[in-house]
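The structure under discussion appears below in the form of structure tokens.
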Amino acid sequence: MKILALTGILFLISLQSKADVIYSPITNMGLAVSLEGIGSYEIPFTKYNTINFWGGFGVVSPVDRLFHPAVGGEVALELRQYFAGEKFRKFNLGLYSGFAVMRYPYFYNDRVSGYERSIGFVPGIKLTYKHRFNSYLVGEPYVGISMPWYAGESEKLSEVLKDGNPGLMVTVGLRIGFNKVFKRE
């Protein structure tokens with residue numbers, strides 16, 4: 001019953017969306033999918049926790065605009081809590097915030113009529129499964145909840161942060177890239 005209720009809620013909010021550090025500045029709330037290429041450096045500070053610095057490029061799209069994604073670059077800082085201590089792999093829960101620059105489509109009569117640029121600040125939380133392919137290459141499927149604040153070409157991000165009203169986004173995504181975990185001494 002809980003799965004059915006969660007699926008129903010996600011379906012209802014999936015009509016329009018933007019999400020994650022890379023975001024789709026189309027509406028204020030919903031469900032989105034994301035594919036990202038990243039590079040990240042993790043510094044352990046306890047047996048189960050790291051500070052993760054990452055950056056990369058990606059695409060993100062609301063589920064109803066799947067074939068018209070926003071494209072952009074991102075940088076972020078994330079505090080991760082791993083559930084398998086000192087291995088820094090498999091499941092982790094992360095609290096993050098970052099900045100992104102996006103190029104996104106805008107629509108007229110349900111057709112793409114042009115593209116604009118946007119800059120955004122995005123805080124959020126995500127549950128990630130980190131799979132190591134080798135010592136540097138990782139795949140990280142995740143589910144995230146974020147609150148994007150963004151400004152278009154004619155707006156200033158500082159004004160949006162002061163007066164804006166972010167939405168609540170749910171993102172299902174995959175990050176693939178390079179990851180280095182520095183050894184604790």
Side-chain angles (χ1 to χ4, degrees), residues 3-4 6-40 54-78 94 96-131 137-161 163-178:
I3 293 174
L4 183 61
L6 179 61
T7 303
I9 291 169
L10 292 177
F11 177 75
L12 290 175
I13 64 174
S14 71
L15 299 176
Q16 299 288 329
S17 65
K18 63 180 183 283
D20 200 17
V21 176
I22 57 171
Y23 58 92
S24 182
I26 295 171
T27 72
N28 288 331
M29 60 185 296
L31 176 66
V33 294
S34 171
L35 178 62
E36 305 166 45
I38 64 163
S40 64
W54 51 273
F57 295 92
V59 296
V60 62
S61 179
V63 294
D64 68 331
R65 306 275 189 190
L66 200 55
F67 299 107
H68 302 289
V71 178
E74 60 187 334
V75 293
L77 172 69
E78 181 178 10
Y96 67 91
S97 65
F99 289 94
V101 176
M102 303 299 295
R103 181 176 184 264
Y104 65 96
Y106 60 89
F107 299 88
Y108 181 74
N109 288 335
D110 281 334
R111 294 178 190 240
V112 175
S113 59
Y115 292 88
E116 291 187 6
R117 283 185 297 268
S118 173
I119 185 168
F121 169 71
V122 184
I125 188 168
K126 70 173 65 168
L127 178 64
T128 304
Y129 182 85
K130 183 166 113 179
H131 175 75
L137 188 61
V138 295
E140 295 184 340
Y142 68 89
V143 175
I145 299 173
S146 61
M147 293 178 40
W149 302 74
Y150 64 90
E153 290 180 349
S154 61
E155 300 173 288
K156 291 184 179 178
L157 185 58
S158 60
E159 293 172 4
V160 172
L161 289 171
D163 301 326
N165 186 16
L168 184 63
M169 304 310 313
V170 175
T171 310
V172 176
L174 174 63
R175 301 189 316 178
I176 298 173
F178 299 100

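Computed from a prediction, not measured in an experiment: that's the story for all the values here. What you see below is based on every heavy atom in this structure, not just the backbone, and it leaves out hydrogens, waters and symmetry mates.
Going from atom OG1 of Thr171 over to atom CG of Leu31 covers 7.5 Å, rounded to the nearest 0.5 Å. Here the CG atom belonging to Leu66 is positioned 9.5 Å from the NE2 atom belonging to His68, to the nearest 0.5 angstrom. The CZ atom of Arg103 lies 13.0 Å from the OG atom of Ser118; values are rounded to the nearest 0.5 Å.
Residues Pro105 and Pro69 share a closest heavy-atom pair of CD-O, 3.7 Å. Closest of all the heavy-atom pairs between Thr128 and Tyr142 is OG1-CB, 3.6 Å.
Looking only at side-chain heavy atoms (C-beta outward), Val71 and Phe57 stay at 4.5 Å or farther from each other. Side chains of Trp149 and Pro123 form a contact here, defined as non-hydrogen atoms less than 4.5 Å apart. Glu140 is not listed as a side-chain neighbour of Lys126, based on a closest heavy-atom distance of 4.5 Å or more.
Listed by chain and residue number, Asn179 satisfy the side-chain hydrogen bond (donor to acceptor under 3.5 Å, both in side chains) test with Ser40 (two or more places apart in sequence, or in another chain). Listed by chain and residue number, nothing satisfies the ring pair (Phe, Tyr, Trp, His ring centres under 6.0 Å) test with Phe178 (two or more places apart in sequence, or in another chain).
For the residue pair Ser34 and Glu36, a side-chain donor N or O sits within less than 3.5 Å of a side-chain acceptor on the partner.
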**Report entry** From CA spacing to verdict: side-chain contact (heavy atoms from CB on, under 4.5 Å), Glu74, Val122
**Finding:** CA-CA 10 Å; Glu74 60 187 334; Val122 184; over 6 Å; no
